[in-house]
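Please read the structure below before turning to the comments.
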Amino acid sequence: MSTAVVLGQANPVSAATTGSYTVKSGDTLSAIAAANHTSVAKLATSNKLSNQNLLSVGQTLTLTDEATATTASTYTVKAGDTLSGIASSTGVSQATLVSLNNLNNADLITMGQILKLANTVTAQSSTATTTAAKTTASQYVAPKQTTTAKTYTTTKATTTTQSSSSYQSTATGNEAWAKSVIASRESGGSYTARNGQYYGKYQLTVSYLNGDLSAANQEKVADQYVTSRYGSWSKALAHSNAYGWY
């Protein structure tokens with residue numbers, strides 16, 4: 001009779017050299033998954049484990065689900081994805097993903113972005129893939145708390161530009177990039193885009209702009225709003241990626 005494994009005991013687990021792994025005393029499903037570049041959920045599914053906390057010494061686990069195995073060389077980012085989660089699901093390390101895709105910040109990926117999983121393409125096709133990813137991200141228009149895409153109209157501002165005319169945003173580097181992605185999603189980058197009560201480049205309410213629809217005031221109020229609500233444009237973009245609005 002096999003011996004039940006008590007999870008929680010420390011036991012070093014090495015990567016298997018074949019497509020299967022034999023459970024040893026002290027093993028945990030999470031440790032086995034981490035050592036073999038897969039996830040607990042995949043192991044549970046592949047081996048039809050009804051209880052992830054019950055393993056037996058000598059039990060043989062299949063490491064690869066043949067029904068779902070993939071040879072894809074790219075991955076398209078979905079809402080809620082993180083780079084660490086993509087690394088776990090694809091078996092490609094986070095460091096490799098960062099290197100292959102020239103990511104300056106591992107915490108900043110956008111919905112629709114195409115990530116390379118293997119360095120098997122020529123420089124020319126690599127450039128085309130990167131361009132396609134940026135185009136996809138810039139064309140995506142996220143709804144504000146709704147699943148229906150916005151319809152924008154462009155109008156002339158009827159109020160007078162006032163005290164904010166000389167404002168310069170302090171967002172630079174990744175912050176400036178995150179800010180530009182949000183502006184592209186919200187209005188296509190137009191200072192005069194209107195959608196109901198929402199106006200301008202960052203689709204703020206007219207009342208929130210306090211009657212000043214100038215480009216400088218839109219930049220100023222958007223910076224103030226994001227700082228007070230999220231702390232940074234990077235965090236605001238992460239929220240937008242997850243929920244479709246910021």
Side-chain angles (χ1 to χ4, degrees), residues 76-83 101-115 130-246:
T76 302
V77 178
K78 302 184 295 297
D81 273 348
T82 63
L83 201 65
N101 296 280
N102 299 317
L103 301 179
N104 293 325
N105 188 334
D107 294 324
L108 285 178
I109 54 177
T110 59
M111 185 188 304
Q113 183 176 357
I114 299 175
L115 299 177
T130 302
T131 302
K134 291 181 178 179
T135 301
T136 301
S138 64
Q139 290 178 344
Y140 173 75
V141 179
K144 189 178 291 292
Q145 295 178 307
T146 177
T147 56
T148 303
K150 293 177 180 177
T151 300
Y152 299 101
T153 57
T154 302
T155 60
K156 292 183 178 180
T158 57
T159 55
T160 304
T161 301
Q162 299 175 358
S163 60
S164 300
S165 59
S166 60
Y167 176 77
Q168 294 292 326
S169 177
T170 59
T172 59
N174 284 330
E175 285 297 287
W177 174 79
K179 184 177 181 180
S180 67
V181 171
I182 287 180
S184 178
R185 291 179 179 179
E186 292 294 316
S187 67
S190 171
Y191 285 112
T192 57
R194 181 185 291 274
N195 180 36
Q197 64 176 322
Y198 301 108
Y199 185 87
K201 189 174 181 179
Y202 304 98
Q203 289 296 281
L204 301 168
T205 61
V206 174
S207 61
Y208 203 77
L209 291 169
N210 200 28
D212 183 355
L213 305 183
S214 67
N217 190 54
Q218 289 182 41
E219 296 288 343
K220 177 181 178 180
V221 174
D223 282 342
Q224 292 173 340
Y225 166 74
V226 165
T227 298
S228 64
R229 183 177 178 90
Y230 300 102
S232 69
W233 282 99
S234 297
K235 292 179 179 179
L237 179 59
H239 187 280
S240 177
N241 287 340
Y243 300 102
W245 58 277
Y246 81 108

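Note on residues 195-209: pairs passing salt bridge (charged side-chain N to carboxylate O under 4.0 Å, His left out), not counting sequence neighbours, are Lys201-Glu219.
Smallest separation of non-hydrogen atoms from Val181 and Thr110: CG1-CG2, 4.4 Å. Between Thr76 and Ile114, the closest heavy-atom pair is OG1-CG1, 4.0 Å. Across Ser190 and Ser187, no two heavy atoms sit closer than the pair N-OG, 3.2 Å. The minimum heavy-atom distance between Ala176 and Ala171, with the atom names listed, is CB-O, 3.5 Å.
When side chains are defined from C-beta on, Leu204 does not count as touching Tyr199, because their heavy atoms never get closer than 4.5 Å. Inter-residue side-chain proximity for Lys179 and Asp223 is flagged as met; some heavy-atom pair is nearer than 4.5 Å. Proximity of Leu83 to Leu115: side-chain heavy atoms (C-beta onward) are separated by under 4.5 Å at one or more points. Looking at heavy atoms from C-beta onward, Ile182 lies out of side-chain contact with Gln203 at the 4.5 angstrom threshold. Within the 4.5 Å cutoff, the side chain of Leu103 has heavy atoms near those of the Gln113 side chain. A heavy-atom distance below 4.5 Å is not found between the side chains of Val221 and Tyr167.
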Given side-chain contact (heavy atoms from CB on, under 4.5 Å), test Leu209 with Tyr202 step by step and report yes or no. CA-CA 11 Å; Leu209 291 169; Tyr202 304 98; over 6 Å; no
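A donor-acceptor pair is defined here as one N or O able to donate and one able to accept, closer than 3.5 Å; no such pair exists between the side chain of Thr227 and the backbone of Gln224. Distance alone, capped at 3.5 Å, places no donor-acceptor pair between the Asp212 side chain and the Asn217 backbone.
Atom CD of Gln218 sits about 13.0 Å away from atom OG of Ser169, to the nearest 0.5 Å. Rounded to the nearest 0.5 Å, atoms CG (Asn210) and OG1 (Thr205) are 10.0 Å apart. Put simply, NZ on Lys235 and OH on Tyr230 are 12.0 Å apart, with the number rounded to the nearest 0.5 Å.
Glu175 meets the salt bridge (charged side-chain N to carboxylate O under 4.0 Å, His left out) test with no other residue; sequence neighbours excluded. With sequence neighbours excluded, the residues that form a side-chain contact (heavy atoms from CB on, under 4.5 Å) with Asn105 are Asp107, Leu108, Asn174.
The aromatic rings of Trp233 and Tyr246 sit tilted, their planes meeting at an angle between 30° and 60°. Relative ring orientation between Trp245 and His239 is described as perpendicular, the plane-to-plane angle rising above 60° on a 0-90° scale split at 30° and 60°.
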